[in-house]
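Worth knowing before you read on, the calculation uses all heavy atoms, side chains too, and leaves out hydrogens, waters and symmetry mates. Just follow the structure's listing: the first ligand is 1, and inside any ligand the first atom is 1.
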Amino acid sequence: MHRFTYRRSASAMEAVRAIAGAGPGTRFLAGGTTLYDLMKLNVETPSSIIDINSLAELNAFDTSGSSELVFGALARMSDVAADPRLGRDYPALSESLWKAASQQLRNMASLGGNLLQRTRCAYFRGGEPFACNKRKPGSGCAAQKGINRGHALLGGSDACIAVYPGDLAVALVAFDAKIDVLGPNGQRTIALEDLHREPGGTPHIETVLEPSDLIVRIRVPVTPLGRASTYHKIRDRESYAFALASAAVALQMSGGTVLDARIAIGGVATRPWRASQAERILIGRPLTSETARSAAETALHGARAGPDNGFRIELAVRTVVDALMIAKQRA
Ligand SMILES: Cc1cc2nc3c(=O)[nH]c(=O)nc-3n(C[C@H](O)[C@H](O)[C@H](O)COP(=O)(O)OP(=O)(O)OC[C@H]3O[C@@H](n4cnc5c(N)ncnc54)[C@H](O)[C@@H]3O)c2cc1C
């Protein structure tokens, strides 16, 4: 048993000050479905926990705005997934939540915690004796010569090929979402696409957040691309599994021609992966199986496979193609 202190905060700023004062071994606690999990595995060993669940201002969400959808960081995945307007006008966002985890987990898990969930790499979660630069900087990466069926094809480095596992962040990146973050010096806004870092030589630094930064809310600009969108997720079984490959796609079409397109891919990269070049291939052209395939191959451009995960390049290409066809039917 690793001893830790526990306290509840009464306001967002109090929580930020508490974590800033308690030092680097402190963690915010939301639903606990990632944090407790990793504490039981001895991968996370916080000396202090700041429970943010009583911060009412972080709980609410509102999808009725004319310029943006606003989600408090503590909004629960199940509540947001079931929101009727989201399901109708932004199916990609709703589906990314429905297709994640299980109903029990979604009832507990918050959107803010979801964004900051950590990799499912078995060498990271397995602890000693496996080398893991993310868990223990400088120790090496056992995945490089290990079983790498589930590891990243895009964005990896010699130090780390762990996949970013979340679904919601992939859909949010496709919609140009932003997060508002409260730190000791006040509030600032970060584009979701800039939140997660590629591992490079420092895989233990996963985001651009400072340790005492609190995610307050997620904001998604209202867009005509919402309705013709989907989050398509391919996994080893139909439910309750992380993505082998996923694609968040949104389209705006006139007749058969693409006016605007958004493509982000998940399950295959070290961070949520926006495929802007692939989007440009589609704009101004008819969406056919050929143009969809061309865009999908572009989305996977630069993919590097190890001995066990090469099949997921073609799988990811087909996932993007299928997602584009699903979205087209909704246009
Ligand atoms: C068995 C299992 C299967 C799963 N399957 C999927 C899946 O298919 N797809 C998917 O996307 N996810 C999946 N998940 C992950 C799950 O969705 C996340 O664990 C959950 O969303 C985390 O939210 P939480 O509120 O429980 O976070 P917590 O565990 O409370 O926190 C997670 C991390 O975020 C930090 N944090 C939390 N809130 C904030 C905040 N507001 N500001 C700053 N830091 C914060 C915490 O300090 C901690 O480091 C699965 C989890 C499990 C256990």
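- Under the 30°/60° scheme for interplanar angles, the aromatic rings of Tyr90 and Phe175 are found to stand perpendicular.
- Exactly one of Arg262, Arg285, Arg274 qualifies for a salt bridge (charged side-chain N to carboxylate O under 4.0 Å, His left out) with Glu279. That residue is Arg274.
- Contacts with ligand 1 closer than 4.0 Å are made by side-chain heavy atoms of Lys233 only, the backbone lying farther away.
- Backbone and side-chain nitrogen or oxygen atoms of Arg120 are examined, and none is located within less than 3.5 angstrom of a nitrogen or oxygen of ligand 1.
- Contacts between Ala241 and ligand 1, counted as non-hydrogen atom pairs separated by less than 4.0 Å, involve the backbone only.
- Only the side chain of Leu105 comes within 4.0 Å of ligand 1, judged by heavy-atom distances.
- Considering backbone and side-chain N/O of Leu168, none are found under 3.5 Å from N/O of ligand 1.
- For a threshold of 3.5 Å applied to N or O pairs, the pair formed by Glu44 and ligand 1 contains no separation below that value.
- The backbone and the side chain of Ala100 each have at least one atom closer than 4.0 Å to an atom of ligand 1 (non-hydrogen atoms only).
- In Arg118, neither the side chain nor the backbone holds a heavy atom less than 4.0 Å from any atom of ligand 1.
- Considering backbone and side-chain N/O atoms, Met108 never comes within less than 3.5 Å of an N/O atom of ligand 1.
- At under 3.5 Å, a nitrogen or oxygen of Gly31, whether backbone or side chain, sits near a nitrogen or oxygen of ligand 1.
- Looking at Ile52 next to ligand 1, no N or O pair under 3.5 Å apart turns up.
- Within ligand 1, the atoms closer than 4.0 Å to a non-hydrogen atom of Ala30 are 25 (O), 30 (O), 37 (C), 38 (N), numbered from 1 in the order shown.
- At least one N or O atom of Ala101, backbone or side chain, sits closer than 3.5 Å to an N or O atom of ligand 1.
- The shortest N or O to N or O distance between Thr33 and ligand 1 is below 3.5 Å.
- At under 3.5 Å, not a single nitrogen or oxygen of Asp37, backbone or side chain, sits near a nitrogen or oxygen of ligand 1.
- At a heavy-atom cutoff of 4.0 Å, ligand 1 is contacted by no atom of Tyr36, backbone or side chain.
- Considering backbone and side-chain atoms together, Ala109 places no N or O closer than 3.5 Å to any N or O of ligand 1.
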